[in-house]
Amino acid sequence: MAVIKKRQDFLALRNARRTSSRCFLMLSRKNPENGESLRLGLTVTKKLGGAVIRNRIRRRLRAAAREIFPLHGNVGTDYVLVARKAAYDRNYAELLDDMKRALLSQRRDIK
RNA sequence: UGAGGCGGGCAUGCCGCGCGGGUAGCCCGUAGAGCGGAGGCGGGAGGAAAGUCCGGGCUCCAUGGAGACAAGGCGCCGGGUAACGCCCGGCCGGGCCGUUCGGAAACGGGCGGUCUGAGGGAUAGCGCCACAGAGAAUAUACCGCUCCGGACUUGAUCCGGAGUAAGGGUGAAAAGGUGCGGUAAGAGCGCACCGCCGUAUUGGUAACAAUGCGGGCAUGGCAAGCCCCGCCUGGAGCAAGACCGAAUAGGGACGGCGCGCUGGAAUCCGAAAAGGAGGAAGGCGGGCGGGUCUUCGCGCCCAGUCGUCCGGGUUGGUUGCUUGAGCGGGCAUGCAAAUGUCCGCCUAGAGGAAUGGUCGUCACGUUGCAAAACGUACAGAACCCGGCUUACAGACCGUCUGGCGCU
RNA sequence: GCGGGCGUAGCUCAGGGGUAGAGCGAAACCUUGCCAAGGUUUAGGUCGUGAGUUCGAAUCUCAUCGCCCGCU
């Protein structure tokens with residue numbers, strides 16, 4: 001699972017399919033350059049808090065993505081998660097569940 | 001026993017699965033490897049990492065000297081330090097407390113303790129000091145006080161003149177204070193004490209202090225108003241900078257055409273010291289040279305365009321990148337900050353950026369009979385140090401202060 | 001990383017040591033058959049917060065909080 005780094009790549013997702021959840025907003029877009037792998041980008045804005053809070057949110061989302069994406073993610077797709085405040089202290093099991101639902105929802109849209 | 005102040009260090013630990021970096025060797029993949037994979041091993045945020053308020057190191061840029069100006073900062077003295085606006089010690093001022101002396105008291109002085117101060121200069125100059133008040137920096141006669149003259153209504157009267165800063169009142173501030181003398185009433189007018197100014201001596205490295213002598217006192221406050229004096233400061237910042245290096249636009253060299261003013265060399269044409277072609281060096285002028293200006297120098301530039309050839313910068317990669325004014329301990333010097341010396345130790349180096357979830361256990365706190373539940377601050381390195389400032393749950397150690405209880 | 005600016009009435013802003021102001025808005029009244037416009041009057045302020053300098057601070061100084069902007 002690769003990481004989206006460039007600003008341009010993030011901007012490409014601006015008008016993509018979006019699925020809202022309590023902890024995040026998920027955006028996804030088919031990217032033919034990816035081949036058999038998928039890419040993930042995280043957006044955690046300064047609005048959510050200081051460095052400590054932002055780091056924690058980033059880590060939790062990343063840890064959850066490591067578990068869920070290989071099982072339910074769509075190959076050859078760029079995903080971006082825009083974090084929301086709830087990601088800071090939401091129960092971890094619920095966070096995993098949210099992410100799974102979001103991915104399945106996105107998959108259904110493709111079909 | 002329970003509070004508060006000050007100082008010091010600590011900042012839940014352990015285990016398993018994950019995450020990022022490193023790694024001698026081994027195994028697998030591969031034609032092979034310095035590449036990739038698996039496992040093992042070792043290590044992985046702070047006291048403030050924060051704010052970016054100061055001071056440095058480091059790196060690059062800038063042309064060298066002299067002078068002036070500007071801008072900004074600092075400001076008692078001595079020491080510490082790489083340096084500082086920081087730290088330590090002292091001086092002086094201010095607040096509070098205690099004690100003592102004088103006094104009827106108010107209050108004033110001495111000594112001690114403690115807290116605290118952006119603490120040079122206000123007789124270098126300029127400026128400001130609202131309102132109130134008679135008068136506010138060349139001080140000032142409103143009510144008063146005193147004396148003299150006059151009036152007639154002969155009195156706690158009125159008018160005029162002179163003297164007077166002791167009293168009233170205003171104000172943040174009324175131009176030394178208190179007391180005695182003195183006087184028409186008063187006044188440093190005179191005297192004593194305190195304060196102030198000057199000066200000498202002594203003590204102290206010094207700030208300054210003590211004492212003597214002289215001076216009736218001339219010198220209101222504000223410089224975090226302008227300013228004066230002394231001292232300091234070149235600019236940018238690791239996105240600095242270095243190396244490797246795609247495409248495309250741009251750069252350099254050579255040649256052609258062409259090129260501010262002046263100047264005219266070599267060379268060529270010509271028989272020629274005539275004339276012509278030719279245009280170099282130099283001069284002048286202009287521009288740039290990291291705050292500005294002046295002066296003396298210095299360096300670079302004063303077109304472009306076409307053709308040929310050549311090497312450098314942006315994306316990316318590598319590096320800078322962690323051994324350092326380092327940390328711990330002992331000893332010595334010093335009141336201390338700190339310094340010296342010896343021994344030991346190596347403790348993050350990421351790059352859209354590593355620590356999350358959870359099981360159990362441990363510590364503390366709250367709730368609860370208990371089981372247990374919940375909570376554990378402020379907060380995340382980004383080149384590195386020294387400070388300052390701000391945020392902060394909790395418990396620990398040392399020290400000081402007064403309270404209550406017991407002996 | 002480096003640098004700059006702002007914070008004053010409900011809103012937009014003046015005031016740069018001496019009693020906090022203007023415009024718009026709000027409220028009441030007048031005017032009108034009613035509304036608008038117009039007129040008169042009134043209320044409304046920890047001057048972001050905390051210290052310091054000063055007799056006196058919105059103003060000067062320092063610290064702090066929040067917001068905005070620029071350069072690389």
Side-chain angles (χ1 to χ4, degrees):
Chain A
M1 190 163 60
V3 177
I4 299 175
K5 295 184 180 180
K6 292 196 176 175
R7 179 172 164 74
Q8 230 179 0
D9 295 341
F10 277 89
L11 292 178
L13 281 268
R14 266 189 309 192
N15 297 317
R17 267 191 317 280
R18 46 185 70 195
T19 305
S20 177
S21 160
R22 227 176 117 178
C23 303
F24 53 82
L25 177 73
M26 182 182 282
L27 302 167
S28 71
R29 173 174 162 274
K30 190 85 179 167
N31 189 344
E33 292 174 24
N34 286 350
E36 287 302 300
S37 70
L38 59 81
R39 296 201 302 170
L40 176 67
L42 293 173
T43 299
V44 185
T45 65
K46 235 176 191 174
K47 219 179 203 175
L48 296 174
V52 173
I53 292 171
R54 293 205 308 276
N55 263 338
R56 186 179 150 92
I57 289 173
R58 195 155 38 223
R59 284 164 186 158
R60 298 196 75 193
L61 289 178
R62 199 178 287 140
R66 244 182 240 116
E67 286 190 49
I68 300 297
F69 271 68
L71 301 176
H72 304 285
N74 221 16
V75 169
T77 308
D78 282 353
Y79 288 94
V80 166
L81 295 177
V82 181
R84 288 182 173 166
K85 229 170 199 166
Y88 179 66
D89 52 5
R90 184 146 171 85
N91 184 287
Y92 187 66
E94 291 177 331
L95 179 62
L96 289 177
D97 198 51
D98 287 347
M99 195 170 282
K100 186 176 162 188
R101 279 170 196 281
L103 279 175
L104 292 177
S105 160
Q106 297 255 328
R107 208 177 233 182
R108 195 164 51 246
D109 289 353
I110 295 171
K111 289 173 186 171

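Side-chain atoms are counted along with the backbone in the values below, which use heavy atoms only and exclude waters and symmetry mates. Labels below follow one simple rule: chain letters A, B, ... track the order of the sequence lines, proteins then strands, and each chain is numbered from 1.
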Could you check whether A:Ser20 and A:Arg84, counting side-chain N and O atoms only, form a donor-acceptor pair closer than 3.5 Å?
yes

Could you measure between the two P atoms, the one in B:G394 and the one in B:A379, and give it in whole Å?
16 Å

Interatomic distance, A:Glu94 CD vs B:G357 P [rounded to whole Å]
14 Å

Nucleotide of B:A381, B:A45, B:G356 approaching A:Asn55 most closely (side-chain heavy atoms):
B:A45

Expressed as a whole number of angstroms, how long is the span from A:Leu96:CG to B:G18:C1'?
13 Å

For nucleotides B:A381 and B:U401, find the distance between their P atoms and express it as a whole number of Å.
44 Å

In whole Å, what separates the C1' atom of B:U219 from that of B:A139?
15 Å

CZ on A:Arg29 to CG on A:Asp78, rounded to 0.5 Å
6.5 Å

Heavy-atom side-chain proximity of A:Arg18 to A:Val82 below 4.5 angstrom:
no

Would you say A:Arg62 reaches B:A354's phosphate, i.e. side-chain N/O to OP1/OP2 under 4.0 Å?
yes

For the side chain of A:Ala51, starting at C-beta, report the closest nucleotide among B:A353, B:A381, B:A379.
B:A381

Check for me, please, whether A:Leu61 and A:Tyr92 land in the same ILVMFWY cluster - side-chain distances under 4.5 Å, paths through other members count.
yes

Between B:A207 and B:U233, how far is it from one C1' atom to the other, in whole Å?
28 Å

Taking only the side-chain heavy atoms of A:Tyr92 (C-beta and beyond), determine which of B:A353, B:G380, B:G357 contains the nearest atom.
B:G357

chi for B:G349 classified (syn = within 90 degrees of 0, anti otherwise) as anti

Residue A:Arg66, side-chain atoms from C-beta onward, closest of B:C19, B:A45, B:A353
B:C19

Using the P atoms only, state how far B:C359 lies from B:A391, rounded to an integer number of Å.
37 Å

B:U322, syn or anti by chi within 90 degrees of zero:
syn

Base, sugar-phosphate or nothing for A:Arg60? Non-hydrogen atoms, less than 4.0 Å.
sugar-phosphate

When both hydrogen-bonding distances must be under 3.5 Å and the geometry is Watson-Crick or G-U wobble, what is C:U49 paired with, if anything?
C:A63

Per the O4'-C1'-N9-C4 / O4'-C1'-N1-C2 angle with a 90° window around 0, B:A45 comes out syn

Taking a pair as Watson-Crick or G-U wobble with both distances under 3.5 Å, which nucleotide is matched to B:U319?
B:G241

Round to the nearest Å and state the distance from A:Ile53 atom CD1 to B:A50 atom P.
17 Å

What interatomic distance, in whole Å, is found between C1' of C:A20 and the corresponding atom of C:G44?
13 Å

Between B:A246 and B:G317, how far apart are the C1' atoms? Round to whole Å, please.
13 Å

Let's test this: given Watson-Crick or G-U wobble pairing with both distances under 3.5 Å, identify the partner of B:A338.
B:U333

With both distances kept under 3.5 Å, what pairs with B:A370, Watson-Crick or G-U wobble?
none

Distance (rounded to the nearest 0.5 Å) between A:Leu40 CG and A:Met26 CE:
8.0 Å

In whole Å, what separates the C1' atom of B:A332 from that of B:G73?
41 Å

Please tell me if the side chains of A:Leu42 and A:Phe24 come closer than 4.5 Å, counting only heavy atoms from C-beta onward.
no

Classify the nucleic acid contact of A:Arg54 as base, sugar-phosphate or nothing, counting any heavy atom under 4.0 Å across all strands shown.
nothing

Given atom CD of A:Glu67 and atom P of B:C19, what is their separation to the nearest angstrom?
11 Å

Paired to B:G67 by Watson-Crick or G-U wobble criteria (both distances under 3.5 Å) is B:C293

A:Ile57 CD1 to B:A353 C1', straight-line distance once rounded to whole Å:
17 Å

Is there side-chain contact between A:Leu96 and A:Lys100, with at least one heavy-atom pair below 4.5 Å?
no

d(CG, A:Leu61; P, B:G357) in whole Å
11 Å

In whole Å, I'd like the distance from the CZ atom of A:Arg56 to the P atom of B:G357.
4 Å

The Watson-Crick or G-U wobble partner of C:G25, with both key distances under 3.5 Å, is none

Which is it for B:G47, anti or syn, if anything within 90° of zero counts as syn?
syn

Under a 3.5 Å limit for both distances, which nucleotide forms a Watson-Crick or G-U wobble pair with B:C111, could you say?
B:G98

Just label B:G108 as syn or anti from its O4'-C1'-N9-C4 or O4'-C1'-N1-C2 angle, using within 90° of 0 for syn.
anti

If you assign A:Thr43 and A:Tyr88 each to the RNA chain B nucleotide with the nearest heavy atom, which residue ends up on the more 5' nucleotide?
A:Thr43

Side chain of A:Arg58 only, please: which of B:G356, B:A354, B:G380 is the nearest?
B:A354

Taken to the nearest 0.5 Å, the spacing of A:His72 NE2 from A:Met99 CE works out to 11.5 Å

Can you tell me the base-pairing partner of B:G167? Count Watson-Crick or G-U wobble geometry only, both distances below 3.5 Å, and say none if there is no partner.
B:C143

